[in-house]
Participant: 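Got a structure for you, written out below as structure tokens; questions coming shortly.
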Amino acid sequence: MSFLEKLNNQILIADGAMGTLLYSYGTDCCFEELNLSQPEQIQNIHKAYIDAGADVIQTNTYAGNYLKLQRYGLEDSVKEINSAAVRNAKKAAQNNAYVLGTIGGNRGIKPDSISIEELKRSFREQLYCLLLEGVDGLLLETFYDLEELEIILTIARKETKLPIIAQLSHQEPGILQNQTPVNEALKRLEGLGADVIGLNCRLGPHHMLVTLEQIELPKHAFLSAYPNASLPTYTDGKFHYEGDADYFRQSARAFRNEGVRLLGGCCGTTPAHIKAFASELKNSVPVTEKVVKLKPKKVIVESAVKREYAPLQEVVKERPSVIVELDPPRKLDTSKFFEGAKALKEAGIDSLTLADNSLATVRISNESLGYLVKTELGLRPLIHISCRDRNIIGLQSHLMGLHTLGLNDVLAITGDPARVGDFPGASSVYDVSSFELIQMIKQLNEGLSFSGKDLGQKTAFSIAAAFNPNVRSLEKAVKRLEKKIHMGADYFISQPVFSEEKLIEIYENTKHLNAPIYIGLMPLISSKNAEFLHNEVPGIKIADSIRERMASLTDNPLQATREGIEITKSLIDAALDLFNGIYLITPFLRYELTAELALYAGKRASEVRGISYAENIIY
Ligand SMILES: Cc1cc2nc3c(=O)[nH]c(=O)nc-3n(C[C@H](O)[C@H](O)[C@H](O)COP(=O)(O)OP(=O)(O)OC[C@H]3O[C@@H](n4cnc5c(N)ncnc54)[C@H](O)[C@@H]3O)c2cc1C
Ligand SMILES: [Zn+2]
């Protein structure tokens, strides 16, 4: 009887993990390569599952595509590995078990990191190898990204009439990473011609059953489930799973009641788990009716933390606005920093921006100082967030913390790499770049984590992004701005600009953008300072005429600083003709310079735009 005919009449028991079993034996190499070098070991594992009661086994080919094999330099061995895997499984099955050719998903939490073309190419290659060697069906498993599974299922359905089992993985009961309800996703797979649809990996029986309770019985397909043994634990440098087999035995009937007809195990399961399933359900009759539990409606409420200030993108669209960067100190004494913040508040700035260990140099956390600036001075802090020091978990937890503290104004940046800073051996995390960080914050504003988890409440972040106009191709830089807007950036803050020509060039190239720009301006304090910035700091270029003006005052430091102020004032004049936003960068905690410039900018704004200066002082 064919595999599907069997499933039509009875529940079939599938096998359990191959990878975690090999790992638990201490195998530390490419598991798929063992099909070639250790065929007996692989055959013995298959046999152990058949002896435990499995009617269906899968080839040891979960990661047998070139995208994954290239980690081991085995990208040219796809054919040998997959063919050997089928031979091993068939030899172990001896026609007593169906053999499914397994193909695993590639995309994880960052779906775009592998292009669709690559996915298709790698899938086709593995698919043809498995089909050529002769399998009883295909098992497409562990797909976190629905789009990926839909694409390859469509290809597989065109290429073969063999049974296809299409299985998704999910982190949250009932819902996929991209927020598609699992019920709807499975219907889409059924619509694309999958014969068996279901779930595997990531969750154990408890959470998988919570999802299955929400799944209708498919009309033209059968349901499958391959739960993990448990969540993994990490001890003595190794992962292991603790779920015991008796727990599986107890959950077997619940899987049957939810309409599952193909029941196996994923990570952490062993022949003992499969034996437990088989002892309860082998040859049993599947259910043909079930009552679906309606999913409780998701309630995401607006932010419970109210915004105290209008978002800066709205402020700067309405009127001239000055924000000032005052970096957190490198040492523990904060008195000068707070003196500066106070002076800048008195100068009427709209926000104090606090860098996140800029130039990868350790400073006091900008979150702590930002909170004190807000609560003790009543000044709006703008917190820079770089992707260098925190992984995806750290970034989200940091953002949730900022939300809790009511720090809603953030600048999302990739960040200077660790090697430029004072701990060059430290790792630069970069789990995400500024683009994905912007997307992550936007998603939090919808009440969802980066993986789609419901947070029960929306954050209210206003998202700034960085603009570096000091590059060879301004056109390319503007393309990045367009992409940042597409990801969710509300406005931009630029690197410092040191010439009027550059200001005009920026204006001409960005006037089509639907997001305001704060133009960066930084007073030079000496010729040395100008030369250092020009020659040594990435992204900063200073016009020759300005460097010459500063160089002519090398012997007169006070006059040089005044000259720096005058240069910046004329740049403020030029900038205000074209832009509403001015972003002043304080050099060396010399806040008296940026306070003077902020006052000047406010005065010029009132002269040029007829807006009274008092209106600019909003606190
Ligand atoms: C307003 C502002 C504030 C900043 N604050 C901080 C801070 O607090 N902490 C910190 O560590 N760094 C900070 N930086 C520095 C910033 O992280 C780096 O300068 C970064 O390379 C540019 O901004 P981003 O991080 O958003 O880069 P992205 O736009 O995300 O660029 C990422 C990568 O692409 C490269 N790239 C960017 N534009 C181009 C282009 N046109 N052509 C080719 N390659 C390009 C970059 O060099 C970088 O490697 C700040 C920069 C600005 C403008
Ligand atoms: Zn798994």
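Numbering starts at 1 and runs along the sequence shown. Small disclaimer: the values here were computed from a predicted structure and weren't measured.
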Participant: Can you tell me if N366 uses its side chain to pair, donor with acceptor, with the backbone of A355 under 3.5 Å?
Facilitator: yes
Participant: Is K442 paired with E446 through a side-chain N to carboxylate O contact shorter than 4.0 Å?
Facilitator: no
Participant: With rounding to the nearest 0.5 angstrom, report the CD1 to CD distance, I565 to E596.
Facilitator: 4.5 Å
Participant: Is any side-chain N of the basic residue among R562 and E566 closer than 4.0 Å to the acidic one's carboxylate O?
Facilitator: yes
Participant: Any carboxylate oxygen within less than 4.0 angstrom of a Lys/Arg side-chain nitrogen, looking at D422 and R363?
Facilitator: no
Participant: Any salt bridge between K502 and E505, counting N to O under 4.0 Å?
Facilitator: yes
Participant: Does the side chain of L326 come within less than 4.5 Å of T594's, by heavy atoms?
Facilitator: no
Participant: After noting the C-alpha distance and the side-chain angles of K342 and E346, does the key distance pass the salt bridge (Lys or Arg N to Asp or Glu O under 4.0 Å) rule?
Facilitator: CA-CA 6 Å; K342 195 158 167 279; E346 282 160 9; 3.7 Å; yes
Participant: Find the distance between CD1 (I582) and CG (L576) and round it off to the nearest 0.5 Å.
Facilitator: 4.5 Å
Participant: When rounded to the nearest 0.5 angstrom, what is the spacing between NE2 in H384 and CG in L354?
Facilitator: 7.0 Å
Participant: What pair of heavy atoms forms the shortest contact from L578 to L503, and how long is it?
Facilitator: CD1-O, 3.8 Å
Participant: Taking side chain as C-beta onward, heavy atoms only, is L593 less than 4.5 Å from P587?
Facilitator: yes
Participant: Test your reading of the model: is there a side-chain donor-acceptor pair from T510 to the backbone of L513, 3.5 Å cut-off?
Facilitator: no
Participant: So do the side chains of K484 and S434 get within less than 4.5 Å of each other, counting heavy atoms only?
Facilitator: yes
Participant: Under a 4.0 Å N-O cut-off, is there an ion pair linking E184 with K187?
Facilitator: no
Participant: So does L377 get a backbone contact from the side chain of K345, meaning a donor-acceptor N/O pair under 3.5 Å?
Facilitator: yes
Participant: What distance do L312 atom CG and D490 atom CG have between them, rounded to the nearest 0.5 Å?
Facilitator: 10.0 Å
Participant: Identify the residue among S351, S494, S321 that makes a side-chain hydrogen bond (donor to acceptor under 3.5 Å, both in side chains) with Y518.
Facilitator: S321
Participant: Tell me, do L146 and L168 make a side-chain contact under 4.5 Å, heavy atoms counted?
Facilitator: yes
Participant: In the structure I gave you, are the side-chain heavy atoms of V429 and R390 within less than 4.5 Å of one another anywhere?
Facilitator: no
Participant: Look only at the side chain of Q396 and the backbone of F450, and say whether a donor-acceptor pair between them is shorter than 3.5 Å.
Facilitator: yes
Participant: Is D409 salt-bridged to K374, cutoff N-O under 4.0 Å?
Facilitator: no
Participant: Roughly how far, to the nearest 0.5 Å, is CG of L359 from OG1 of T361?
Facilitator: 5.5 Å
Participant: Taking the side chain as C-beta and beyond, is there a heavy-atom pair between E147 and N178 under 4.5 Å?
Facilitator: no
Participant: Distance from H170 atom NE2 to E172 atom CD, nearest 0.5 Å?
Facilitator: 9.0 Å
Participant: Do the side chain of N200 and the main chain of C266 share a donor and acceptor less than 3.5 angstrom apart?
Facilitator: no
